[in-house]
Every structure is written in structure tokens, then in C-alpha cells.
Amino acid sequence: MTKLRLHNTLTRAKEDFAPLDASNVRMYVCGPTVYDYAHIGNARPVIVFDVLFRLLRHLYGPGHVTYVRNITDIDDKINARAAEIAASRNIDVEAARAEITAKTAQQFLDDVTALGSLNPTHTPRATDYVAQMVEMTRRLIAEGFAYEADGHVLFEVARKADYGKLARRSLDDMIAGARVDVAPYKKSPMDFVLWKPSDDKTPGWPSPWGRGRPGWHIECSAMGEALLGETFDIHGGGIDLVFPHHENEVAQSEAAHRGHPLARVWLHNGFLQVEGEKMSKSLGNFITINELLKDWPGEVLRFNMLRTHYRQPMDWTVAGMNESWKTLEKWYAVTEPLSDPPVGSAFLAALADDLNTPQAIAELHKGSDHELAGGLGLLGFSNVQERIAARTNVDATAIADAIAARNAARKAKNFAESDRIRDELLAQGILLKDGPEGTTWEVKR
RNA sequence: GGUGACGUGGCGGAGUGGUUACGCAACGGUCUGCAAAACCGUGUACCCCGGUUCAAUUCCGGGCGUCACCUCCA
């Protein structure tokens, strides 16, 4: 069996992957906070970990992998948005929260499905696990890792001797570098919230500490525990989540689990820039998945994402998408539908080497057409028989008629007419290709 | 200020202590009414300065640059 190696953020090294239970490989990835359209940066972990999900299913069997990607529908950014909606439409804030999260979550799922991602095994929403969050918080208080202060429950980082081990920061350094105003009720600036009180205008749930809402970090710990158990195999997310989110997850989960680790392997994808600049709303280069899908097939976006190794910084460009489009056009033209195409060994080895998708793609360029079909299938390009053109708004019948007319003109040596037809199609973005088997066409970018 | 990542040919992008990455673009050829496509072939590289080594793009140290985290963020 192909040996899977993964770069573990905990050890900063590539390690051989050995699941706790090969009959149930368990992976958790931090999902979106649903208050607005997901942007292309959000798509990176979705696509990268979807490829890992597919690879694990290939290696261990489709029924032996459990993948959890949560939906955070309790969050203060959501609450802020819900408050605006509630005020403008004069509706209850909880109703507004439910509406915006339901709508945004569905939009997210539609977007990532268009990117060729499989549905995770479970897509838990925080609101369905508040009881588990309360229970875990209570456990942390009982174990002496958390304290109640001024209506809040806080995790006391000083109680966790190895706090900072994931991000590799010492508590002293972090406190010295703290740049935020410290809430007066905190024992230490680094203590973080497990539970906080809600006023009448803020969504809240009953708890032993009054009506309130969970802190962000406890959401993932509680959902991970509920669906995957105390210790699971892989936890993934963007590199920006290493600190504080994942560090805090580690701290609270281990504290609640008598020291048992949360995840064996931590994977983090690198950041993405747009046309050489960081993506931000102020620069006006904040691009959503939804906007891109209006101009580009999801497969092209997916392929473009996989051309860069997941841990590398990535520059998202139109030039890159054009190149991706071109490559897929070429490949879709040569691959034929096969019921069970073979997966090339060099391709698989590259993929198993810490998800080296650029190397894997290079192997597809080198390999046979059958291996190309198999590789594309494993990477999530399952509809290799479906041309990209089929996803665009072109009239295939009209094009076929035009091609027939052009070929008739060519046969009659009326080249002025045949070239006119060709130029007319080109003006519509349809590029003709004369081959020994006849004339084919593709949509030109 | 602290921590971390990255810097490869025109562009994208793997990888390696000594042997062709790969793709796109470019150039040459075959084919074609022409062009495109397809196919064949060709070229250019490892940020700077030291060190280790028989040999460094690859290891070590320093510098410069870019990005990220330290505060919500994939």
C-alpha cells in the first residue's frame, strides 16, 4: 500500500501517517463562519482537504474515512450582521441570526459543490452542539482549568503547562507581545473565553452561568469530540488558525480529556494573495467564490488551486486561471470516460507525499491517457468526459452547423467563405481545430 | 518588537549535495488551402554574502526582499 506522509504542524516535519483505526480514519477541518459569501481564500482549505479526503478514501476505502467540516453559526460577526437585519426589518435578532446563517451556509455548500468538493461525512452546526459546549465548559471548570468571572467562563492558560506547543510560542513572549486591552476580569491576558454572557439583543442559550453564548474555540472542540471522539487522526485548517484558534482547541480539549491529544496530525494550508497583493476589502480585490463561478467553471478554479502545493503561499491570478483552463481543455479532449480508470503509481506517490499536487499534475502530463483519466478522477475531476465547453452558454448545434458549412466551403475551395465562418465563430469565443479526425472546437478564453 | 513561512529559467511551479522536473509562453519542424489545433524538437534557472564539502540551487550562518501570525480572519 502506498505510504502516506503528511507534514505535521505539531512537529514541523513530514511524518508517516498511521491512523488510529484504519477502518475509520477521522479528519476534522475548520469550516466557515457563515455571515457572508466565502472568498477564494476560503476555497483553499476546502479544495485541499477534499483532495486529502479523496486520497484517504482511495487508500483506506470509501467507507472507512470520516470527514467533519463544521459550520460556525454562532459568532459575534454573525451577531453584528443579525442585529443590523433585525433592526432594519424589525424582527427578532434570533430569527435574523437563523436566517442569515441558513442562507449563507447553503450558499457556501453550493459554492464548494461547484468546486467539485464531496460533501463531508458530517457538517455540524454549532447551534446543534451548544449542550456539548456547555458540558465541556463545565468539565473544564470542574477539572480546575477554567474559572467563572463577571458572567464569563475563561480558560486559564497558566494551568496548562504546555500551552503554546502547537504555535511554538512561550506564554511569557505572548504576554509581553499582547497588543490588546485586557479585559479586567481575566486572570491573565492570554486567558480565553469559553462562555460569555448575552444581552437581550444578542442570541443566547441557557447555561449554568446564565444566558449566553460559547466562545469560538470551544465550538470546534465540542463538535470534534461529539463526532470523532477524544482523539482523532487529522485536524486541518488555514495557517492563520494555528494561533490562537487551534492552540486553544488543543489546550481545552486536552484539559477536558485528561491529557489525551486532540489530533495526531495538524495540517495547515498556506495563505493566498490576489494578483500579488493581499486580499482585502479596502484594496477592492476581495473576490468571492460565487463571483468567480460566474466567469470560470468550478473545475478550472479547482485545478488552479491544486497547481500550487497546499503549504506554499499562493498568488491567485487571471493568468493562472487561463493556464489552468487551457490545460483542462486539452486533457478533457484526450480523456475518455472509463468505468474504473487506473491510477498511476508515480501520480499516487506524489499525492501521498504530503499532498504534492503540483508533482502529481506533472506526472499526469507524463503518463498515459488512461492514467490521466484516473488521476483526474482521484483529484476530484470526476466528469472528465464532460467538456468544459458543456458548462458554458454555447449553442453546440449552431456551431456544428457552422462547421459543416465551413467544411463545405473548404471543399469547394471557397476559402474566403470558410475563413469568414471561422472568424465569426472566433469572435464568439469558439476556436476551431482541424484534425485528421475532423473539425473540433473549444471555448477560447 | 516577537514568531514563522517563502524568494527557482519570460511566467507558473516541483525537487535535489554531483545526472532532463513538469506546464504555459517563445523559437524551429511535420501536418494544413491558410491559420489554429495536434505531433516532434530546442533554449534560458535556482535573491546576495560568507562557511562546511572533492562538489551547494540543495546543508549552516548573516543580509536583503515578500507574506503571514501575535487582534476577527482560510
Side-chain angles (χ1 to χ4, degrees), chain A residues 9 12 29-33 35-36 38-49 72 75-78 80 164 167-170 172-181 189-190 216 236-247 268-273 276-281 303-317 319-327 329-331 333-334 346 350 353-354 356-367 409-416 418-419 422-423 425-426 431-437 439-442 444:
Chain A
T9 306
R12 312 283 153 125
V29 174
C30 290
T33 299
Y35 68 104
D36 203 351
H39 56 70
I40 189 62
N42 295 306
R44 194 169 192 189
V46 170
I47 292 171
V48 162
F49 294 114
T72 294
D75 177 271
D76 283 351
K77 286 193 295 287
I78 296 171
R168 300 208 172 178
R169 299 169 196 219
S170 78
D172 290 346
D173 289 346
M174 288 187 279
I175 292 170
R179 299 191 308 201
V180 270
D181 292 336
M190 299 314 296
W216 177 36
I239 193 157
D240 57 316
L241 294 182
V242 172
F243 192 88
H245 188 231
H246 289 164
E247 190 69 55
H268 292 98
N269 62 272
F271 242 60
L272 179 146
Q273 288 184 274
E277 290 187 307
K278 74 169 90 172
M279 185 165 54
S280 73
K281 281 179 175 162
F303 187 74
N304 198 236
M305 195 67 84
L306 296 177
R307 290 174 46 205
T308 300
H309 183 84
Y310 77 94
R311 282 192 286 116
Q312 289 288 87
M314 171 173 194
D315 192 11
W316 186 271
T317 64
M321 284 187 281
N322 275 319
E323 198 175 318
S324 296
W325 172 293
K326 194 179 246 182
T327 302
E329 267 285 5
K330 184 174 152 188
W331 280 353
V334 299
D353 181 15
D354 194 31
N356 193 338
T357 52
Q359 179 74 52
I361 288 168
E363 299 300 341
L364 293 184
H365 280 293
K366 297 178 192 170
R410 290 173 72 204
K411 200 164 186 177
K413 304 227 184 280
N414 183 357
F415 298 124
S418 67
D419 288 354
R422 184 172 67 198
D423 292 345
L425 287 172
L426 189 59
L431 182 69
L432 297 189
K433 303 189 289 189
D434 295 326
E437 309 293 315
T439 302
T440 58
W441 56 274
E442 68 181 41
K444 185 182 170 62

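Just so you know, these numbers come straight off a predicted model, no measurement behind them. Order of the sequence lines sets the chain letters (A, B, ...), proteins ahead of strands, with each chain counted from 1. Only heavy atoms go into these numbers, but all of them, side chains included; no hydrogens, no water, no symmetry mates.
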Exercise. With the sugar-phosphate defined as primed atoms, P, OP1 and OP2, and the base as all remaining atoms, what B/S/- string results for nucleotides 6-13 of chain B, 5' to 3', for protein heavy atoms under 4.0 Å?
Worked result: S-----SS
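The base-pairing partner of B/C46, taking Watson-Crick or G-U wobble contacts with both distances under 3.5 Å, does not exist among the strands shown. Remark: B/G33 base-pairs with no nucleotide; criterion is Watson-Crick or G-U wobble with both hydrogen-bond distances under 3.5 Å. Pairing partner, B/C27: B/G41, with both Watson-Crick or wobble hydrogen-bond distances short of 3.5 Å. Pairing for B/C67 is with B/G4, a Watson-Crick or G-U wobble pair whose two hydrogen-bonding atom distances lie under 3.5 Å. Under the Watson-Crick and G-U wobble criteria, each requiring two contacts below 3.5 Å, nucleotide B/A21 is left unpaired. Searching all strands for a Watson-Crick or G-U wobble partner of B/G9 with both distances below 3.5 Å returns nothing. As the counterpart of B/C72, no nucleotide is assigned, since no Watson-Crick or G-U wobble pattern has both distances under 3.5 Å. Judged by Watson-Crick or G-U wobble contacts below 3.5 Å, the nucleotide B/C59 has B/G51 as its partner.
For A/Trp325 and B/A25, the CH2 to P distance is 16 Å, given to the nearest whole Å. One atom, CZ of A/Arg169, and another, P of B/G2, lie 14 Å apart when rounded to the nearest Å. Atom pair A/Glu247:CD and B/G4:C1' shows a separation of 14 Å (rounding to whole Å applied). We find that CZ of A/Phe271 is positioned 8 Å from P of B/A74, with the value rounded to whole Å. For A/Asn304 and B/G23, the CG to P distance is 18 Å, given to the nearest whole Å. Look at NZ on A/Lys278: it is 11 Å from C1' on B/C69, rounded to the nearest Å. The CG atom of A/Leu241 sits 11 Å away from the C1' atom of B/C69 (whole-angstrom rounding). Whole-Å rounding puts the A/His365 NE2 to B/U20 C1' distance at 16 Å.
Judged by distance alone, with hydrogens and angles left aside, the side-chain atoms of A/Gln273 form no donor-acceptor pair with the main-chain N or O of A/Asp315 at under 3.5 Å.
Comparing the P positions of B/A45 and B/G51 gives a spacing of 24 Å, expressed to the nearest Å. Of the C1' atoms belonging to B/C47 and B/G41, the separation is 33 Å, rounded to the nearest Å. B/A35 and B/U44 have their P atoms separated by 29 Å, with the value rounded to a whole Å. B/A14 and B/A21 have their P atoms separated by 16 Å, with the value rounded to a whole Å. Comparing the P positions of B/C46 and B/U53 gives an interatomic distance of 24 Å, to the nearest angstrom.
Among B/G4, B/C34, B/G23, the nucleotide with an atom closest to any side-chain atom of A/Arg12 is B/G4. Out of B/G33, B/C22, B/A74, the shortest distance to the side chain of A/Ser418 is found at B/G33. Distances from the side chain of A/Asn356 to the nucleotides B/G15, B/A74, B/C70 place B/G15 closest.
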For this session: Kindly indicate, with the supporting measurements, whether the criterion salt bridge (charged side-chain N to carboxylate O under 4.0 Å, His left out) is fulfilled by A/Arg307 and A/Glu323.
Result: CA-CA 10 Å; A/Arg307 290 174 46 205; A/Glu323 198 175 318; 3.4 Å; yes
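Mapping A/Arg44 and A/Ala167 onto RNA chain B via the closest heavy atom, the residue that lands nearer the 5' end is A/Ala167.
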Report each atom pair, protein N/O against N/O of nucleotides 37-42 of chain B, whose distance is under 3.5 angstrom.
unit_1, atom_1, unit_2, atom_2, d
B/A37, N3, A/Asp434, O, 3.4

Hey, what are the protein-to-nucleotides 44-47 of chain B N/O distances that come in under 3.5 Å?
none

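At a threshold of 4.0 angstrom between heavy atoms, the contacts of A/Leu272 include nucleobase atoms, whether or not backbone atoms are also involved.
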